[in-house]
Structures are given as C-alpha cells and as structure tokens.
There are 6 protein chains.
Amino acid sequence: MPKAKAAHQSLTTMTEMVLPNDTNTLNNLMGGRLLHWMDICAAIAAQKHANRIVVTASVDSVSFVEAIQLGDIVTMEAKVTRAFNSSMEVYIKVWAQNISAGEAATKTNSAFYTFVAVDQSGRPIEVPQATAETDEEKELFASALRRRQLRLVLAGRMKPAEAVELRALFELG
Amino acid sequence: MPKAKAAHQSLTTMTEMVLPNDTNTLNNLMGGRLLHWMDICAAIAAQKHANRIVVTASVDSVSFVEAIQLGDIVTMEAKVTRAFNSSMEVYIKVWAQNISAGEAATKTNSAFYTFVAVDQSGRPIEVPQATAETDEEKELFASALRRRQLRLVLAGRMKPAEAVELRALFELG
Amino acid sequence: MPKAKAAHQSLTTMTEMVLPNDTNTLNNLMGGRLLHWMDICAAIAAQKHANRIVVTASVDSVSFVEAIQLGDIVTMEAKVTRAFNSSMEVYIKVWAQNISAGEAATKTNSAFYTFVAVDQSGRPIEVPQATAETDEEKELFASALRRRQLRLVLAGRMKPAEAVELRALFELG
Amino acid sequence: MPKAKAAHQSLTTMTEMVLPNDTNTLNNLMGGRLLHWMDICAAIAAQKHANRIVVTASVDSVSFVEAIQLGDIVTMEAKVTRAFNSSMEVYIKVWAQNISAGEAATKTNSAFYTFVAVDQSGRPIEVPQATAETDEEKELFASALRRRQLRLVLAGRMKPAEAVELRALFELG
Amino acid sequence: MPKAKAAHQSLTTMTEMVLPNDTNTLNNLMGGRLLHWMDICAAIAAQKHANRIVVTASVDSVSFVEAIQLGDIVTMEAKVTRAFNSSMEVYIKVWAQNISAGEAATKTNSAFYTFVAVDQSGRPIEVPQATAETDEEKELFASALRRRQLRLVLAGRMKPAEAVELRALFELG
Amino acid sequence: MPKAKAAHQSLTTMTEMVLPNDTNTLNNLMGGRLLHWMDICAAIAAQKHANRIVVTASVDSVSFVEAIQLGDIVTMEAKVTRAFNSSMEVYIKVWAQNISAGEAATKTNSAFYTFVAVDQSGRPIEVPQATAETDEEKELFASALRRRQLRLVLAGRMKPAEAVELRALFELG
C-alpha cells in the first residue's frame, strides 16, 4: 500500500467569476454549473492525493440555500478527508462574494464528492491513506465511515441493518 | 392553490453529444458536466410543471457507475414526481449510447433534483400538485415523502426521530 | 444492403435553453446558433438510423420567421425521412416556448438536413432504407425525391431538365 | 430612402481555427458549427451595410463537399449583394487551409444568407440599396432576384407560376 | 483617501485544468488562453483590494518558456503590489503540474497586470494604498515605480529622460 | 535557410462580435479575452509565414485605453514584421466599432507577439526571413531589433549594457 499522506497536501483552491452564461433569468448562478465547478475542484484535490487519474464515483446530496449573483466571485476549497482502497472522499466548501459592493464572502455550500483512482486502462488502483491532523480533519475522517455507509445503502449495495455507524445517526440500537 | 397537473405533462427529453471538452484524459465524460446537464433538463421539467422561473434547491446523492465515452449520445428524461407547496421533486434518468458502434443505449444514472418556483423578485410561490397516473409515477409519488425527510435530516432541518417514513426504510420501530 | 428500419426508430428529441451568449443585442436567438443545434439533433437521428458516423452533406434553405427570446426553451424533433444509398434526409421541427410566462410552445422552424454515413476512414457506406408508417412519414418519404432533385440542381450536379419530379412542382409539362 | 452604398463597403473577413470541440469523431469540422460561423460573418457584413441591428431571415441551401480538419484555418469573406426594402442578401465564401502542412487554401463552401434590418423595437427598417461595381458583384446583383423568388416559393409565400425569373432557370416558357 | 490595506489581503488563487479546446495541435496550452486566465485571476485580486469594479489597463511583457500540456493543472496566485491613485499593479505567478504522472508543480510564468478601479459610470476612483509586509512584497512595492515608468515610456506618455528609476535599471547616469 | 517571403503574405484578418460572456459587469470587453483573440490572430499570421506549427514565445506590454462595448465588432489585422532564426515577431492592430450606432471603427490597441516555429516533436525549426515592402513594414522591420533587445533584457537573458539599439531609445551614449 502506498505511504500515507497528510490530508492538507491535497488542498485545492479554485476561484470563478459568475458570467452571464452561468446564470438563469433571475441572474442567479444555476445549481448545475456550481456542481460542475465543485466536481473539477474536488477532482483536482483527489488527483493531488493519489497522483493518478481519478473518476467521479458519487456526490452526496447537496442543497442550495443562498443565491449566488451574476458578477460574484465564487471560491472553492477542497481537501481529501479519507481514503478507502482505491476511493477517496473529498470535502469541498464554497463561498460567494460580491466584492465590488464591499461585501464579505458568505459560505454558500459544502459537499462530499468521492473519486476512484484508476490506471491508464481505467482499472481501480490503490491510493495512500489520508492522515488527519487538525480537529476539523479528524472529525471529517471519523464521520467518513458513516457517510460511506449511507452512500452504499442509497446505492442498494449495503443492507440498512449492516450500516452500524449510520444507524447510530438515527439514534437506533 | 393552482389546479393539479398530471406528472407526465412535465416530461422533458434532452440529448447531448459528448464533446472533447466534456471529457477527462481517459476520454470519459466528467461527472460534473453530467450533473450540469441533468440540472438543466430537470429544471425545464419543473418549469413546465410550475410555469414559473425555478431555482435548484437540492440534488440527492448521485453515483456514477458506468463510464460514458467521448462521442457517445447522452439522453435524459426528467419528470416531476410530487410537489410540496412551492417546491417540486424531479426524477431524471440518463442513458448513454455509442451509436456508431451499433450498441444499444445503456441506463447509466438516475437522480432526484428539487426546485423551488419563484416570482420575478425571487420569492417562493405555490405550485400545482402533481398527479401520478402510471405505476412508476405512483411509486415515485409515494416514496417522495421519504426522500424529502432524508433531505431535511441531512440538511439539519429535521430531527432523525421525526422522520417517520425515513426510519421505516431502516426497518426500525 | 442492410435491412430496412422504421423511420420512427431514428426519432431524436433535443431541448436547449437560450442563454445570453446565444443571443444578439435584441436578446433574440441568433439564426446561426439555431442552425448549429439543428445540425447536431439531425445528425444524431441519422446516426441512429445508420449506426454509423455521419457527416453533414447539406442543409436545405431555412427561413427564420419567429423570433426566439433569451430564456426560452427550444425543443427540436428530428427523424429520417428517406435513405438514398449512403445518404439520408432528416426532417427536423423546432418549437420555442417562454414557459415561465405560461405560453404554449410555438412552432418556429423546420428544415431538411442530409447526411452521409461513413466508415472509420471517412468513405461513404450503404445505409438501411427508411420505412414510412404514418401519413406524415409517407408524405415526407414521397416528397424526398423532389427535394433531392432540387439539391442536385442547386449544386449544379443535375440539369434542371432532368429533374422530373421537381419540374412538376412548378406545374410544368 | 437612405443613400445607396457600394457593395464592397460591407466586405467582412473572419478567420477561425478549428478546435477539438468543433469536430466530430473523425476530427472533421461539424457542418452546424460552420453554418454558425458563416451566420456571424454574414450578419456583420449586413450590419456594416445597414448600420443597424440585423436578424437572420433565411439561409439558402448549403452543401458541404470538402471535409475541413481539426487545426485547419477557416477564412470567410462576406459581402452584401443586393438590398430589398429592409432585407439584404449576403454572399459568403469559405476557404480552409492546413497551413502547417504547407497546403494552399481550398474553397470549401459558399452560401447566401438574408438579413432584415430592425430598429430597437425589432421592427423592420429600410436600408440603402447596394451598388455593384465589379463583374462578380454585378452578376450577384442580377441573380439575386431569382434567388429571392426561389426563397419565396420554398417558403410558400409566392406561387411558382409568378416566379418569372426563377422559371427561366428551369428553361421554361 | 481610503485606508491602506495589506497587500496579502488581495491574495487570489485560481486553478484550471487544461482542456482540449485550450490547446494547439501539439496538445500545448495556447499562450492567449493563459493570458486570459491570468487577467481574470489578477482582476479578482485587484477587486479584492479596491472593493470596486476594475478594468484592465495594461499587461507587461510576458514570456512563455515552459510548454504546459493537455490535462495539466494550472495554478495561479495573484496579489496587489502597489497602488497609484486609481490604479493598482498586480503580480501573478503561474505553476503547471502533471499530477497523474507524479510530477511536482513547475513555475512556468509570472506577469504584472495593472487595473483601474471605476465607479458604476466607468469613471476612475481612488483606491487604498497597499502595504507591503514580507520581503518579497517590499521588493515588489519598491520596483513597481520602475515598471510604471517603463509602461508610461512604452505607451508614449512619459519621455525616457524623465524615467529616473527606469534609467537606473540600464545603469545610466 | 528557407527562401524569404514578403511580410504581407502573412496578413491575417479576424473579426469577433463581443458577446455577453466576454464582458465584465460594466458590459466592457475584458482585457484577457482580447489578449486571447489577438494571440490566435497573430499565431495564424506566424503560421502562414512559417508554414509550421507555432507556439507563443512572448507578448510585449499591451495597454488598454479605449473601452470596447458589448455588441461591438472587433477587427484585428496581424502581419509578420521580422524573423530571427526560428522566431517571428508579429504586429497586430485592433479596431472596435459599434456598427448599429453608425459609428466609425476606432483603433483601440496594437501589440507585438513573438512565436517560435516548431516541428512535430516541438523542436524549434528555422523560418524564412520576412521582406518589408511598404514604409510601415520597413519601419517595423528596423525597430524589431530594438524590441527584441527589450524582451531579452526584461527576460533576464541579455545585459542592459549589451542592448545597443535599445539604449539608443533612452538617448544614452
């Protein structure tokens, strides 16, 4: 197995300016465009961790609460939280800012994407474990197991009864 | 409340050809691009149901199992499953096909997006209820409640103990 | 010769949202962008019929009567009308709709594109004949011959005097 | 009526490099992309003649004989041939060249687009007549009438029997 | 005059993946695309400093020594170096990395862009002075005067004889 | 060495319409987009001269004085000024015009780009000398040496004391 790497080594920052073609008729950023940007930013973080080509395996449910406007600056930060054999979970946070109005950046979203590292033929290949150092990294590392169980249950690849950590979330015995 | 409309009236079919800029270095469609296309297709279905501008409220977890190749034709079909006041859940199915190789279309994905209908000032506005007619539509209408609870729990806006239908999914008392 | 296929098997539906970069300074969809979308939609229909790579051979004259607005939903439906050795004629219809204003879809355009099926080296290759079933399909199948003659005359590859069916259009002996 | 202007004053030259997203899986320029570029180039020529916003009214039938390759340089030249009240016919010629292979430019296409000049509310507005000076300009000016009749017949807005100049093309009495 | 701000407050990091349409036929990133990305990244840094809309005033000469490949990750870091009334100089550094080959990031470029802050009518408006803190920031702050003189001389808006600091660069009295 | 070619044989004209995604929130063309267009136009001129693939080696400092508006037509003309072994300097001029307002074209920019001709492996390869014929071409040919020295000094590849022609610009002995 490849040598473990610190989670923070995969940190990737991406900045985008919201242009007219990214918006709906209310001049708000369309959700799908943001999902696209987040996927690229998170994929680069996973690539940095694995030093491999990566393919998106899943995105957890994402909600869009704050409207992001035409002309806003969108900043994304992605970092690997934990690795499982050939797959990596990436946590990504999103801020938007109307800079010319002098506003501070607002956190608008966060999401978990998972990626699989593959070789040149597209076959899964083992990746290094990610080492958590800060408190936030440790919390994300620990809870990654629960999110992985939810993904497997939702994809019909694990029985709910076997999702031990996930059941605990629902305060069940 | 506006008069109920049949779910099938919102049916929207979208077709895309996978071009070079949509792919990674393995010539596979990037997950984020597909999420973007699905958002546009599902948003049009929600618009048809509401006859209003709609904004993406959330996307449920999506997994990417089948690789889609450069040159493939991607077909998406979206339909509203159920409405809740100003929000609508849309179910979207995705197929990919390498036509020139004579292959049949393969179902590669499905997802649930939710949208909120808004007026010109961006304020939520009530939408018609969706009427299920086929067996598949009825099943999707019924299970929409459970998915809604999962979204609210995951967004921290409902306590797991209150998610009655969702708990049933985990076969708990 | 490959086995004939029903015309309706090639039916392709494409949906596009008119975005800012698709419009002129009056916020109307530019004609060239619509021609581009129609070419892609029609090419996919021809690919479905031939199960081959296809290249655009010609587009018949197209007129743009109705203005299509920014934010409108454009729906296109393309279907093969008739095959001639390695070439196929595709009929494509276009509707536009301002959904959030509650308007019904308006038919804005229709056109005939022709495609040639080619092998991996780009050489023309025979395609199945298309079988017309509905009344509209039968009418389109029959009139395809006349349109083909007009194309050949306009391209200088047939003498007007030889275009028997076409001359009939001009009510000449 | 505005003062007549020389046809050559509207001459517009546009150059494009064929990029990956413009090509099909044979690495050939897609026909629809070329139609899109030609529309923009021709529209600029019409704008120069009318000093007005213009909208595409029609494109005559176009055939694609020569394949244009990825990396080729496409050069287009457009010029107004004749004006009719608020509409203008534009003739556009297209060349492609694989420069790095040392090849000469090859003429690949030509087409006629028509545009209508409009005011800020989108209403048609009279344009100057175009004055033909060279032999080619005079020939195009003269034949414009015949093409206009063909367009009107094809659009169902003129009876074939009334298309006097057009009938002459078919060598009919 | 607005209160001075620390140079590092304008730090902006942008990450781009080199896609097929960004490359020439050797699969190398085209210089113009990189200049475009650098302009956006540097403009955001200037916006952060000024809290205003900014327009590009100039870019100093840029040389492209290292080829950047298709699939590489391009990282840019931009920071304001010094302000002059309504204009700001931004220093931007560029790295490229072929991550999946396990290569380290290589510094490929750096450039100086200048921007002018404007109000909603496009009129220049005063910006805060930038305070240098690190050694690199101090060196860039000091040398900004010399680069400004070179820009003015090259633009024909200052006589070479008056460019005192610049002349010193050429070791002249 | 390849046979010399006249400078004017490389003349390349490119026309672009400023679309919404090319503009900032003041509806002005972004500087980086213009730099991108200029690079493509100048690269095509260099390709025509060398009949080779070319890569951008540098762009001299460019200033943006005139704002170019949404909907304007941008015309660029590029021509090789002089060749040095495998590199070529290209001079490019830019005009913008609001045609529908009846305005004349305004010269907004000019710049010097340099390109290196390369073979299929990306190795520099000798190009023909460029022959100046008009007065402007002769002036540009002569001054190319001075600009080349400035580029080398700014890139740290020539000592200011050795830049004989450049020093003359600063009226120094």
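Letters A, B, ... mirror the listed sequences (proteins, then strands); counts begin at 1. On a predicted model such as this, the values are computed, not experimentally measured, just so you know.
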Problem - Heavy-atom proximity to chain F below 4.5 Å, by part of D:I99 - result: both
Fill in the blank from the handout: The interface call for F:I53 against chain D, heavy-atom contacts under 4.5 Å, is both
Give every donor-acceptor pair between chain D and chain F closer than 3.5 Å, one pair per line, or write none.
from: D:T13; atom 1: O; to: F:T15; atom 2: OG1; distance (Å): 2.5
from: D:T15; atom 1: OG1; to: F:T13; atom 2: O; distance (Å): 2.5

